[in-house]
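Have a look at the structure below before the remarks.
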2 protein chains.
Amino acid sequence: MSPAEPLSANMEDYLEAIFHISEEKQAARAKDIADRVQVNKSSVTGALRSLSEKGLVNYAPYDIITLTTKGKVLATEIVRRHAALKEFFVKILLIDKIEAEEAACKVEHAISKTIIDRLINFVEFMEICPRGGKAWLRGFRRHCENGDTANRCGDYITACLEDLEKRKRQMASSHKTRKHGVSSQK
Amino acid sequence: MSPAEPLSANMEDYLEAIFHISEEKQAARAKDIADRVQVNKSSVTGALRSLSEKGLVNYAPYDIITLTTKGKVLATEIVRRHAALKEFFVKILLIDKIEAEEAACKVEHAISKTIIDRLINFVEFMEICPRGGKAWLRGFRRHCENGDTANRCGDYITACLEDLEKRKRQMASSHKTRKHGVSSQK
DNA sequence: TAAAAAAGTTAGTTACACCAAACTTTATAC
DNA sequence: GTATAAAGTTTGGTGTAACTAACTTTTTTA
């Protein structure tokens, strides 16, 4: 077993495309991949041969294209990175969906698992913590729009305290389910 | 004037290296660049020719290497992206400095100005807003370390309120200076 | 100042990733 | 069931960016 040397950004894009097409249709055709990745169909042939050699896709000339188990694992990881980045851009940085999507496409190839895990954790905490959450985000939105800062935050603290009380009441009845319990780095 | 088609990640790395070497020493030598970018010196010659053609570096064979005004502007922008990413990784995501540095090196080539501006704005707001800031970050740190969440946030709210009072007192005496007043996207 | 070392360049090669054009295979339509 | 269209492949060529090895220029040192 090779220590799985990293895929190039281009190959990751092909893998991601095959993953998405396979989800939508039953089989992935070279034409679909070419359309999605926006390359010439002859480039797809080359990419498929390369990905096949790496054991990531099942490929034989003129045959239908599927991901191997290894390929599926890798594609899922790329899609996860993409989704996490897009969510952060949209929910936290308040970037519009189209631009967030484009940015995620580029950054997903450059970011490590450690940072993606932290980012997911961060967005989650933002939504859970009563001092953060939606009221805090409203404050950030104002900050972006008109440079408003600390002098208005007092109002939100009040909202936060109310939110905290509400949560305490909720907490009393139901037990929480945990996910993404990222501990300190080793 | 060309609409300045984007530089490749590789060329951005060279530009950044020349920028940093120029800051440290008086003149940038090809050897220094090769050492910094970790490439063979013959690769540097090729890169310099390419950057020279694009009007970003002043280059003549065997001569010293400097950035043009255009090159300096571009390099400054890359360095800004790098710094903003690193700061976000270290201060907000609590990634250790070494890994943050490595990550910033990769991501800086993939991220747009819009998002970098927002990220800078975000980190700034985080430090300004009394509901965010250091107390909030302590909460996030605990969340990362042991999955602790909402039930402990009450303590921090108290700290936040104290912080807010302190800020109000400060506000009363001195006038604020504004920076990074990012408005809504066009 | 002449020899040696260091720095820089050139030439030739490799790998990746793309393209257009020509060709082959498979699918669709009549 | 054969003609045609669509899909897929091969061939040959481009550009980027790296390398090694051989060479030239500059700098250092003795």
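Protein chains get the first letters and strands the later ones, always in sequence-line order, with residue 1 at the start of each.
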*Would you work out how much the helix from dT1(C)-dA30(D) to dC30(C)-dG1(D) bends between its ends, with each end axis defined by five base pairs, to 10 degrees?*
0°

*How would you label the contact of Ser8(A) with the nucleic acid (heavy atoms, under 4.0 Å): base, sugar-phosphate, or nothing?*
sugar-phosphate

Distance-only check: which donor-acceptor pairs under 3.5 Å involve side-chain atoms of residues 32-46 of chain B, not counting sequence neighbours?
unit_1, atom_1, unit_2, atom_2, d
Asp32(B), OD1, Lys25(B), NZ, 3.4
Asp32(B), OD1, Arg29(B), NH1, 2.9
Asp32(B), OD2, Arg29(B), N, 3.3
Asp32(B), OD2, Arg29(B), NH1, 2.8
Arg36(B), NH1, Glu24(B), OE2, 3.4
Asn40(B), OD1, Ser42(B), N, 2.9
Asn40(B), OD1, Ser42(B), OG, 3.1

*Ser43(B) side chain N/O closer than 4.0 Å to the phosphate oxygens (OP1, OP2) of dA17(D)?*
no

*Is any side-chain N or O of Asn10(A) closer than 4.0 Å to OP1 or OP2 of dC16(C)?*
no

Contacts of [X] that satisfy salt bridge (Lys or Arg N to Asp or Glu O under 4.0 Å) - sequence neighbours left out:
X	result
Lys86(B)	Glu101(B)
Lys113(A)	Asp117(A)
Glu102(B)	none

Taking all atoms of both residues into account, what is the closest heavy-atom pair of [X] and [Y], and its distance?
X	Y	value
Leu119(A)	Ala84(A)	CD2-O, 4.2 Å
Leu94(B)	Lys91(B)	CD2-O, 3.6 Å
Gly55(B)	Lys70(B)	O-CB, 3.8 Å

Between [atom2] on [N] and [atom1] on [X], what's the gap in Å once rounded to a whole number?
X	N	atom1	atom2	answer
Glu53(A)	dA15(C)	CD	C1'	13 Å
Leu7(B)	dA17(D)	CG	P	9 Å
Lys54(A)	dA17(C)	NZ	C1'	12 Å
Ile64(A)	dA27(C)	CD1	C1'	15 Å
Met11(A)	dA15(C)	CE	P	15 Å

_Thr69(A), Leu56(A), Leu67(A) screened by side-chain contact (heavy atoms from CB on, under 4.5 Å) with Leu74(A), the one that passes_ = Leu56(A)

*Could you list by number each residue of residues 102-112 of chain A showing a heavy-atom separation from DNA chain C of less than 4.0 Å, or answer none if no residue does?*
none

_Of all pairs that satisfy ring-ring contact (aromatic ring centres under 6.0 Å, His included), the ones with a partner from residues 11-67 of chain A, not counting sequence neighbours_ = none

*asked:* Return a single string for nucleotides 4-9 of chain C, one symbol per nucleotide in 5' to 3' order, where B is base contact, S is sugar-phosphate-only contact and - is none, cutoff 4.0 angstrom on heavy atoms.
replied: ---SBB

*May I have all residue pairs that pass salt bridge (Lys or Arg N to Asp or Glu O under 4.0 Å) and include part of residues 7-22 of chain B, sequence neighbours excluded?*
Glu12(B)-Arg81(B)

*Please, which pairs that meet salt bridge (Lys or Arg N to Asp or Glu O under 4.0 Å) have at least one residue in residues 53-67 of chain B, sequence neighbours excluded?*
none

*Could you tell me how the ring of Phe88(A) sits relative to the ring of Phe122(B): parallel (under 30°), tilted (30 to 60°) or perpendicular (over 60°)?*
perpendicular

_Counting only heavy atoms and a strict 4.0 angstrom limit, can you tell me which residues of residues 12-22 of chain B come near DNA chain D?_
Tyr14(B)

_Which residues pass the side chain to side chain donor-acceptor pair (under 3.5 Å) test with Ser52(B), not counting sequence neighbours?_
none

